[in-house]
Amino acid sequence: MPIMYMPVKVLWGKGAVAKNREVFVALGSKAMIVTGKHSSRVNGSLQDVTDALDANGQTYVIFDEIEENPSVETVSRAAALAVEEKADFFIGIGGGSPMDASKAIALLARNPEMIADAEKHLYQKQEVPVYPVAAVPTTSGTGSEVTPYAIMTLHSRHTKQSIAYRIFPQVALVDYSYLKTSSRNGMINTCVDALAHMLESYLNTNADEYNRMYAEKGLRLWGSKKEQLAGAQEEYTEEMYQTFMHASVLAGMAIAHTGTSLPHGLSYPVTYELGVAHGRAVGYFLPGFLKYYGNQEEVQEVLQLLGFENQEAFAGYLNSLLGEKQIPEELWERDRRGLLSNQAKLKNYPFEMTEETLSKYI
Ligand code: NAP
Ligand code: ZN
């Protein structure tokens, strides 16, 4: 049954954390701040959150060891520390990696008996409580602040996979000014991820008149700044950062309703084996996804929203933005076979997919 459901309170704008610090009070008494090694210190987001908690008189512990594409091992370690420290709410600060990690940690810390065998428990859903999560995004890519997904690296299986639980943050504090410390490549990788979310959501088995409004609006915004994104970083403007942050949140809301599709499924082994950043790896497959999509009228609709004349213009733009794709044939073959047995992704694609068509994606 189709459903519209967006339970996250989104507070956005410059200074969002400081201006809304009272939202943390309702979440719990002691926070665990979940973040990466460097960037949240550089862009000011960590300071903003600790200042807010201090001003509220709330205590906290910081776990700042979340790596890109966080592993089950790392979230288990953080959860054990959270239990020891008696943290009862979680604030993910950073890109998708720390935000996703904060959801998994909130689940494990609330159910400490799961920690010893976290991989099994994260991927076998049970009806269990979860501690509250707040999210502060510092990339304009994943939309994890408004999605229920948490994607973990599974070293045991040499890939990445979303955990079996749907955990929406209760609050998202969205301040585009944190994006300004990002490199040009960092912006490109993450903005292409948001683009993929909207395309894979609009062209999706679960797409409908209601949930498509997120992608429609987001694609228009994204398209309005596409030339600037491809240009020199010195030309990046305040308005551009704000536009891509809005597009990324809307893209997150879109996939929260529909899930992602084939390009995301194909990207995980590429990221795991070659270390290609998430959004870039997904972007490799977008031109093929559009070209071979079963309903070309709908493809025209998304191209129009983005402001591209046709498929070729889209592919040309994206290929020059992302540069050369180098995926060894052996990996590409294994990747295709893996996708064709990935029911979770295939069911979001409204048409039949064959190995032959898939092999033309790159
Ligand atoms: P990320 O892995 O969170 O971060 C990538 C890099 O960017 C890190 O080195 C990080 O540094 C740095 N960084 C973050 N914010 C920055 C800023 N404002 N300025 C400068 N550098 C900054 O990147 P991401 O693309 O946002 O997230 C990718 C992860 O999210 C993947 O695991 C992906 O599978 C997942 N994902 C989740 C969803 C979802 O719905 N939940 C959707 C799509 C993707 P530090 O390490 O120092 O912080
Ligand atoms: Zn993504």
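We're numbering straight along the sequence, starting at 1. Computed from a predicted structure; not experimentally measured. We count ligands from 1, going down the list as the structure has it; atoms in each ligand are counted the same way.
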Side chain or backbone, does T139 bring an N or O within less than 3.5 Å of an N or O on ligand 1? yes
Pairs of nitrogen or oxygen atoms closer than 3.5 Å, one from S97 and one from ligand 1: do any exist? yes
Within a distance under 4.0 Å of any heavy atom of T181, pick out the atoms of ligand 1 and give their elements. 17 (C), 18 (N), 19 (N), 20 (C)
Identity and separation of the nearest protein heavy atom to atom 38 (C) of ligand 1: I151 CD1, 3.6 Å
Heavy-atom proximity to atom 34 (O) of ligand 1, picking from K160, M152, R41, points to K160
Provide the number and element of each atom of ligand 1 under 4.0 Å from a heavy atom of N43. 17 (C), 18 (N)
Cationic N near anionic O, under 4.0 Å, R337 to E355: no
For atom 39 (C) of ligand 1, what is the closest protein heavy atom, and at what distance to 0.1 Å? T147 OG1, 3.4 Å
A16 versus L173, closest heavy-atom pair with distance: O-CD2, 3.6 Å
Side-chain H-bond candidate by donor/acceptor type, E227 with Y317, under 3.5 Å: no
Could you list the atoms of ligand 1 found under 4.0 angstrom from a heavy atom of H38? 47 (O)
Under 3.5 Å, is there a donor-acceptor pair between the N348 and S261 side chains? no
Taking NZ, NE, NH1 and NH2 as the nitrogens, is one of them in E127 or K125 under 4.0 Å from a carboxylate oxygen of the other? yes
Side chains of D175 and S177: is there a donor and an acceptor less than 3.5 Å apart? yes
Polar proximity ligand 1 side, E68 side, N/O cut 3.5 Å exclusive: yes
Determine whether the side chain, the backbone, both or neither of H197 has a heavy atom under 4.0 Å from any heavy atom of ligand 1. side chain
Donor-acceptor pair between T35 and S40 side chains, under 3.5 angstrom: yes
If you measure every N or O of Y268 against every N or O of ligand 1, does any of those distances drop under 3.5 Å? no
Within reach of ligand 1, part of Y178 (heavy-atom separation under 4.0 Å): backbone
Would you say that more than 12 heavy atoms from the other residues, nucleotides or ligands in this model lie under 6.0 Å from the CD of E329, or not? yes
Determine, counting only non-hydrogen atoms of the protein, whether one lies under 4.0 angstrom from atom 26 (O) of ligand 1. yes
Should the pair E216-R220 be classified as a salt bridge under the 4.0 Å nitrogen-to-oxygen rule? no
May I ask whether P98 places a heavy atom under 4.0 Å from ligand 1? yes
Return the number of protein N, O or S atoms with a distance to the Zn ion (ligand 2) smaller than 2.8 Å. 4
Relative to F308, does K226 satisfy both conditions: NZ or CZ under 6.0 angstrom from the six-membered ring centre, and within 45 degrees of the ring's axis? yes
Given 3.5 Å as the limit, does a donor-acceptor pair link the side chain of K103 with the main chain of Y149, or not? yes
Note: ligand 1 atoms sitting under 4.0 Å from heavy atoms of S182 are 19 (N), 20 (C)
Taking atom NE2 of H155 as the centre, does the number of heavy atoms from other residues, nucleotides or ligands within less than 6.0 Å exceed 12? yes
Who gets closest to atom 30 (O) of ligand 1 by heavy atom: N189, T142, N69? T142
In the protein, what heavy atom is nearest to atom 10 (C) of ligand 1, and what distance, to one decimal place, separates them? S39 OG, 3.8 Å
Side chain R184, main chain G231, donor-acceptor under 3.5 Å: yes
Output yes when a side-chain donor or acceptor of E273 lies under 3.5 Å from a complementary backbone atom of I327, and no otherwise. no
Check each heavy atom of T138 against ligand 1 and say whether those closer than 4.0 Å belong to the side chain, the backbone, both or neither. both
In plain terms, say whether R334 and E330 are close enough for a salt bridge, that is, a side-chain N and a carboxylate O under 4.0 Å apart. yes
Check this for me - ligand 1, T190, N or O atoms closer than 3.5 angstrom, yes or no? no
Would you say the ring centers of Y293 and F351 fall short of 6.0 Å from each other? yes
Which part of H278 is near ligand 1, with near meaning a heavy atom under 4.0 Å away: side chain, backbone, both or neither? side chain
Could an N or O of ligand 1 be found under 3.5 Å from any N or O of D100, whether backbone or side chain? yes
Please work out, at 4.0 Å between heavy atoms, whether the side chain, the backbone, both, or neither of D193 comes within that distance of ligand 1. side chain
Indicate yes or no: does an N/O atom of G96 lie under 3.5 Å from an N/O atom of ligand 1? yes
Run the ring-centre check on W332 versus F285 and record whether the distance is less than 6.0 Å. yes
Could you tell me whether a side-chain N or O of D100 sits under 3.5 Å from a main-chain N or O of I151, the two making a donor and an acceptor? yes
Just which atoms of ligand 1 are under 4.0 Å from any heavy atom in G95? 3 (O), 26 (O)
